[in-house]
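Lettering follows sequence order; numbering is per chain, from 1.
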There are 2 protein chains.
Amino acid sequence: MKATLQTIADELGVSRSTVSNAYSRPDQLSPELRARILSAAQRLGYAGPNPTARSLRSGKVNAIGVLLTDNLSMAFTDPYAVAYLRGLAEAASARETSLLLLNLPKDEAAGRRVISNAAVDAFCLYCVPDWHSALELVRSRGVPVVIGEDPQAFGPEASYVGIDERAAARRLGEHIVNLGHRDIAVVAHWIVDDGVTTQVHADPDDLRYYVTGERVRGFRDAALAAGVPWERVVLINAAGNQREEGAQAAAHALDRLDRATAILCTSDVLALGVLDALRVRGLQAGRDVSVTGFDDIPEAEAAGLTTIRQPSVERGRLAGELLLDPPEDPALRRLTLPVSLVVRSTTGPNTAKEKS
Amino acid sequence: MKATLQTIADELGVSRSTVSNAYSRPDQLSPELRARILSAAQRLGYAGPNPTARSLRSGKVNAIGVLLTDNLSMAFTDPYAVAYLRGLAEAASARETSLLLLNLPKDEAAGRRVISNAAVDAFCLYCVPDWHSALELVRSRGVPVVIGEDPQAFGPEASYVGIDERAAARRLGEHIVNLGHRDIAVVAHWIVDDGVTTQVHADPDDLRYYVTGERVRGFRDAALAAGVPWERVVLINAAGNQREEGAQAAAHALDRLDRATAILCTSDVLALGVLDALRVRGLQAGRDVSVTGFDDIPEAEAAGLTTIRQPSVERGRLAGELLLDPPEDPALRRLTLPVSLVVRSTTGPNTAKEKS
DNA sequence: TTGAAAGCGTTACCAT
DNA sequence: ATGGTAACGCTTTCAA
């Protein structure tokens, strides 16, 4: 039989409460007795209070649930996601809290079960394409929630840590149009989720994935402000946020007579792929074609990528802190962090011959 | 007040058991009643049975605890670790089980608390430098354990999925000596953990970190078999398993008169760093200096790295399966997976002038 | 098909 | 400083 609190209590002839206190409230009993209890526990192979029972009673689990879309490999592969999770984990770990990675399967019923069964004190929702049904369930769990992307995704009761995606993208776009570029292509991931990387015609106001939507709208803001009609911009869907997809997507902007002179990407990863595509074609970034990314991941610097630097780790860390130490003032539970435009060598003046 | 099973039961005038069955045993009640219960639950904002209470009663948590050393950023950054976790997550997800990431803080008491408090059905231990005290606690938890690296780390009651690290390294070493190399450097991570990347003199039989130890011993096996005394091999400690450390480490092998003609690394990541270092110095890998890695991470192919291919994702997946569906036969709970030598362009014949 | 009763192992609270 | 008692919310017999 597995040892329980009672086992130890009986062994020493003390009460359960006392044994419990030995673990949870060391100041409530004499050090001497506590030492005896602990050593008896060791001797009997008692690992300490059963975590589940403790949680049931105390109402605390010491875990944050992190909802991840289907293949959570992405969470481990995408540099932005990795940075975010790292920040989140740091905040959690500092409070002896762990992360419960919840991998939502494709099957909706199974996904609901995963959420319902998750023993957590709070949920962190980031990188949420569209799990409407999941959101509702999360809400009914009644635990604190922090949103990592779309500030509207959950309603005002959720904490939020993000950036102004649209304004940031607009700054990139302005940088590009100010350099004289008018033949612009936009490479964006998950515009449509049919898994195909190709040019698409989509209304920026009608994109499903919030982050991409905002960034594309920001690009459009800049284009329109410079008198470039949106119809003139070539929009390319990248099936995934991966370097290879970026390279593939770039083909649709480069291998045509009216080649784009600037390619705006919704992420650094895609932009690195675009740079690969340029290299293959003997084109020089910043001279022949300008390229921008988004995020400022570590690899961006070496690649000389012009991009938006955003505090990815900080986003995760703050998310964790809001969940575990929510500030009194509700206003402080909704944070929009600053970003900065980092101009490097992949962008330069438009040198292409003027077209009609 | 939060809704519970009882709330729903009272609302409908049925018993708790029936409501419970509606969730856990749909076949135990009429579909019609079940539908009424579910809709009442929805209406009252009941998210389903409380996971903690359910776990306490049923003894199952649907979570695997993954022990990670101090900064779990590594788990998200190291390509091998990422692959392993992905496999583990796949296996878990297929069984509606989640991963609880347990970040062991430096403080030992805190670490013990984290382990004691973890509500999990099983533990996965991989990448375990030395948490002796943690191991003992994990054992006393009395749940299934799978070991990811050192088959001896826990005793025979633990499942194990690994590779023959030493034999694999030996094959790399043999490849190198067969190419005529005699001036060999070994770049290994965590030989000593003083955080310094520099040449060290360490007894391969006496290394703390199992994986590095075995790989270095494998290299030594090959050297000795070819008549190269171990004293002639330059051993360099990389402070961490990161590309930059590899580059730094390489300096100690390259920037000296008796430059090594071959550099064996304990990981692909380090090897990529070594290749960086060669490039900076105008040396060509495979011609001027041969370089080998270990793991065959995705980037290895593009870099033309000669390495050992090991089934990283599979290791994780099998670990998860052993934990969740342990085979009857204990022999099947200890798996040593095959690896293969992948020869690419970073290794070539020794072309250096013979030395005395 | 449904319900009543007995815990699961702990902690909170109040006494002593 | 220590102990007794009552939950925490559920699942699991077993009986109806």
Exercise. Among the nucleotides dA5(C), dC8(C), dG3(C), which one has an atom lying closest to any side-chain atom of Val14(B)?
Worked result: dG3(C)

Seminar exercise, completed: Scanning both residues in full, the closest heavy-atom pair of Ser98(A) with Leu100(B) reads CB-CD1, 3.7 Å

For this session: Give a yes or no on whether a donor-acceptor pair under 3.5 Å exists between the nucleobase atoms of dA12(C), that is its base, and the side chain of Ser58(A).
Result: no

Seminar exercise, completed: To the nearest angstrom, the CG-P distance between Leu56(A) and dT11(C) comes to 11 Å

Seminar exercise, completed: In short, Arg95(A) meets Asn62(A) closest at the heavy-atom pair O-OD1, 4.4 Å

Exercise. Hey, where on DNA chain D does chain A first and last touch, going 5' to 3'? Cut-off is any atom under 4.0 Å from a heavy atom.
Worked result: dA1(D) to dG9(D)

For this session: Check every strand shown and say whether Leu29(A) touches a base, only sugar-phosphate, or nothing at a heavy-atom separation below 4.0 Å.
Result: sugar-phosphate

Seminar exercise, completed: Taken to the nearest whole Å, CZ/Arg16(B) to P/dA5(C) is 10 Å

Problem set entry | Gap between atoms NZ and P, on Lys60(A) and dA12(C) respectively (whole Å) | 12 Å

For this session: For residues Trp190(B) and Gly240(B), report the shortest heavy-atom separation together with the two atoms involved.
Result: NE1-CA, 3.8 Å

Exercise. Between Glu165(A) and Arg315(A), is there a salt bridge with N-O shorter than 4.0 Å?
Worked result: yes

Problem set entry | Gap between atoms CD1 and C1', on Ile8(A) and dT10(C) respectively (whole Å) | 14 Å

For this session: Look at atom CD of Glu328(A) and say whether more than 12 heavy atoms of other residues, nucleotides or ligands are closer to it than 6.0 Å.
Result: no

For this session: Report which part of the nucleic acid Arg25(A) touches: base, sugar-phosphate, or nothing (heavy-atom distance under 4.0 Å, all strands).
Result: sugar-phosphate

For this session: Name the nucleic acid region contacted by Tyr23(A), choosing base, sugar-phosphate or nothing; use a 4.0 angstrom heavy-atom cut-off, strictly under.
Result: nothing

For this session: State plainly whether the residues Arg139(B) and Glu136(B) are in salt-bridge range, i.e. N to O under 4.0 Å.
Result: no

Problem set entry | Thr18(B) side-chain N/O to dG3(C) phosphate OP1/OP2 under 4.0 Å | yes

For this session: Determine the minimum heavy-atom distance between Leu324(A) and Ala91(A), stating which atoms define it.
Result: CD1-O, 4.1 Å

Problem set entry | Closest-nucleotide ordering on DNA chain C, the 5'-leading residue of Gly48(A) and Asn21(B) | Asn21(B)

For this session: Classify the side chain of Arg57(A) and the base of dT11(C) as holding, or not holding, a donor-acceptor pair under 3.5 Å.
Result: yes

For this session: Could you tell me whether Ser24(A) contacts a base, only the sugar-phosphate backbone, or nothing, with contacts defined as non-hydrogen atoms closer than 4.0 Å?
Result: sugar-phosphate

Exercise. Starting at CG of Asp10(A) and ending at P of dG9(C), how long is that distance when rounded to a whole Å?
Worked result: 13 Å

Problem set entry | Touch class at under 4.0 angstrom, heavy-atom based, for Ser30(A) against every strand present | sugar-phosphate

